[in-house]
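Just so it is clear, the model here is predicted, and its values are computed rather than measured. FYI, side chains are in, hydrogens and waters are out, and symmetry mates aren't considered; it's all heavy atoms of this structure.
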Amino acid sequence: MKKLTFRNVLRTISNFLVFFLTIGFAVSCCMMLFLNTLADSMGLTFTATNIASAAKITFINVLLLTFIFATIDYVRRKINIDRPVKVITNTTEKIMRGDFTARIPNMHGAGMEGFNQIGTAVNSMAQELSGIETLRTDFVANVSHEMKTPLAVMQNYGTLLQTPQLSEEKRMEYAKGVTDASRRLAEMMTNILKLNRLENQQIFPETTKFDLGEQLCECLLQFENVWEKKKIEIDTDITEDIKVEADAELLSLVWNNLFSNAFKFTENGGTVSLSLTATDHHAIVKVTDTGCGMTREVGAHIFEKFYQGDTSHSVQGNGLGLALVKRVVDIMQGEISVESVVGKGSTFTVKIRRA
């Protein structure tokens, strides 16, 4: 309920005076027109006494009509303006305090269309904020959890390195453990920063026209040591002279992550296949491995941040690579999908618009 202040009292008085002067002017004009017409048609003469008496009655009538109209306007404002404004204000205050479940109910009655439009917009905003808050909470929880593992490894190996009379072999093993854990932590921080910049649209693609086949071969050759070490067979089917207009640096993140996953999940002696074909409007890249594959349920969540379907390989990653891939492909207005069979392998398909 509004407090009674001098400003509110002054506003009420001014509104009343506006009604009074408007009605008084309208009634006076009508009365003068009526009396003049009556006097001319009937030949009547009005005395000062008659005019004074009529003026008093007219003033009382104007005062009464002003009071009635002001009361009606006050009630109208309370019902059609103050009530919906109070509902919207109370809801937005709840949202400001962090209650993202608060919603503005649909208001019925004449003149409520505009307020309902505001309510719909505020409800949509609250829903988006609720989703963002959930993602933020999950993101912080996941980051904290993912950081604990490498930090614990570094702490344990650091403690073991302080053991007296430690052999050179063990010292090298523990030092390598510290280095690997710190590298994994650094990679996770780098991916988090990249993903954050991409999601907040702080990275703007610089599109250039380039040969996609050449880029794929360059990215694949970076993993030569990996496939030679694991004796993995490489099968390529790349159509020549397929050009795309995209950000080459961002797109290389896609191929590097897909190749990294393919080699990571493919056992020794397996096969990793790469194909590049094209339609009239799209270049289609397929990366196939003969790894452990995944279930349909895992495939449905594979592009979510920190999600790792195969926990046996979790020490080799942090669950951010495919989330980064998905975001880059979305920025490029492309498409990415996965087909997988448990025990047989997976195929990731990326569609990018041609130049």
Would a 4.5 Å heavy-atom cut-off, applied to side chains only, mark [X] and [Y] as touching?
{"X": "L253", "Y": "L250", "answer": "yes"}
{"X": "I352", "Y": "V285", "answer": "no"}
{"X": "R327", "Y": "V329", "answer": "no"}
{"X": "F265", "Y": "S346", "answer": "no"}
{"X": "K230", "Y": "I232", "answer": "yes"}
{"X": "L212", "Y": "W255", "answer": "yes"}
{"X": "K286", "Y": "S273", "answer": "no"}
{"X": "L258", "Y": "V350", "answer": "yes"}

Taking atom [atom1] of [X] and atom [atom2] of [Y], what is their separation to the nearest 0.5 Å?
{"X": "I302", "Y": "S337", "atom1": "CD1", "atom2": "OG", "value": "13.0 Å"}
{"X": "I88", "Y": "I118", "atom1": "CD1", "atom2": "CD1", "value": "5.0 Å"}
{"X": "T207", "Y": "L251", "atom1": "OG1", "atom2": "CG", "value": "12.0 Å"}
{"X": "I242", "Y": "L276", "atom1": "CD1", "atom2": "CG", "value": "4.0 Å"}
{"X": "T159", "Y": "M154", "atom1": "OG1", "atom2": "CE", "value": "11.5 Å"}
{"X": "L220", "Y": "I238", "atom1": "CG", "atom2": "CD1", "value": "7.5 Å"}

Shortest non-hydrogen contact from [X] toward [Y]:
{"X": "A126", "Y": "R103", "value": "CB-NH1, 3.3 Å"}
{"X": "N256", "Y": "C219", "value": "OD1-CB, 3.5 Å"}
{"X": "A175", "Y": "L161", "value": "N-CD2, 4.1 Å"}
{"X": "G177", "Y": "V153", "value": "O-CG1, 4.0 Å"}
{"X": "T271", "Y": "T266", "value": "N-CG2, 3.8 Å"}
{"X": "T239", "Y": "T277", "value": "OG1-CA, 4.0 Å"}

Hey, quick one: are [X] and [Y] part of the same hydrophobic cluster, counting side-chain heavy atoms closer than 4.5 Å, chains of contacts allowed?
{"X": "L274", "Y": "F210", "answer": "yes"}
{"X": "I13", "Y": "V18", "answer": "no"}
{"X": "I81", "Y": "V87", "answer": "yes"}
{"X": "I57", "Y": "L65", "answer": "no"}
{"X": "M125", "Y": "M107", "answer": "yes"}

Could you walk me through whether E173 and K170 satisfy the salt bridge (charged side-chain N to carboxylate O under 4.0 Å, His left out) test, starting with their C-alpha distance in whole Å, then the side-chain angles of each, then the deciding distance to 0.1 Å, before giving a yes or no?
CA-CA 5 Å; E173 179 186 344; K170 288 294 183 182; 3.7 Å; yes
Would one find more than 12 heavy atoms of other residues, nucleotides or ligands at under 6.0 Å from atom [atom1] of [X]?
{"X": "M172", "atom1": "CE", "answer": "no"}
{"X": "Q222", "atom1": "CD", "answer": "yes"}
{"X": "K94", "atom1": "NZ", "answer": "no"}
{"X": "E224", "atom1": "CD", "answer": "yes"}
{"X": "E169", "atom1": "CD", "answer": "no"}

Could you check whether E168 pairs with R171 (Lys NZ or Arg NE/NH1/NH2 to Asp/Glu carboxylate O, under 4.0 Å)?
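Between R171 and E168 there is a salt bridge, with a charged N closer than 4.0 Å to a carboxylate O.
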Lys/Arg N to Asp/Glu carboxylate O, D82 vs K86, below 4.0 Å
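Here D82 does not pair with K86 in a salt bridge, since their nearest N and O are not under 4.0 Å apart.
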Give the intermediate values and the outcome of side-chain contact (heavy atoms from CB on, under 4.5 Å) for residues L160 and Q162.
CA-CA 5 Å; L160 290 172; Q162 299 174 27; over 6 Å; no
Is there a side-chain contact (heavy atoms from CB on, under 4.5 Å) between I234 and F263? Walk through the geometry before answering.
CA-CA 10 Å; I234 305 298; F263 290 119; 3.6 Å; yes
Given side-chain contact (heavy atoms from CB on, under 4.5 Å), test M332 with V254 step by step and report yes or no.
CA-CA 11 Å; M332 299 295 173; V254 174; over 6 Å; no
Has [X] got a side-chain atom pairing as donor or acceptor with [Y]'s backbone, closer than 3.5 angstrom?
{"X": "D289", "Y": "G345", "result": "no"}
{"X": "Q333", "Y": "R353", "result": "no"}
{"X": "N123", "Y": "I104", "result": "yes"}
{"X": "R354", "Y": "T279", "result": "yes"}

Pair I95, V122 - check side-chain contact (heavy atoms from CB on, under 4.5 Å), show working.
CA-CA 9 Å; I95 295 172; V122 172; 3.9 Å; yes
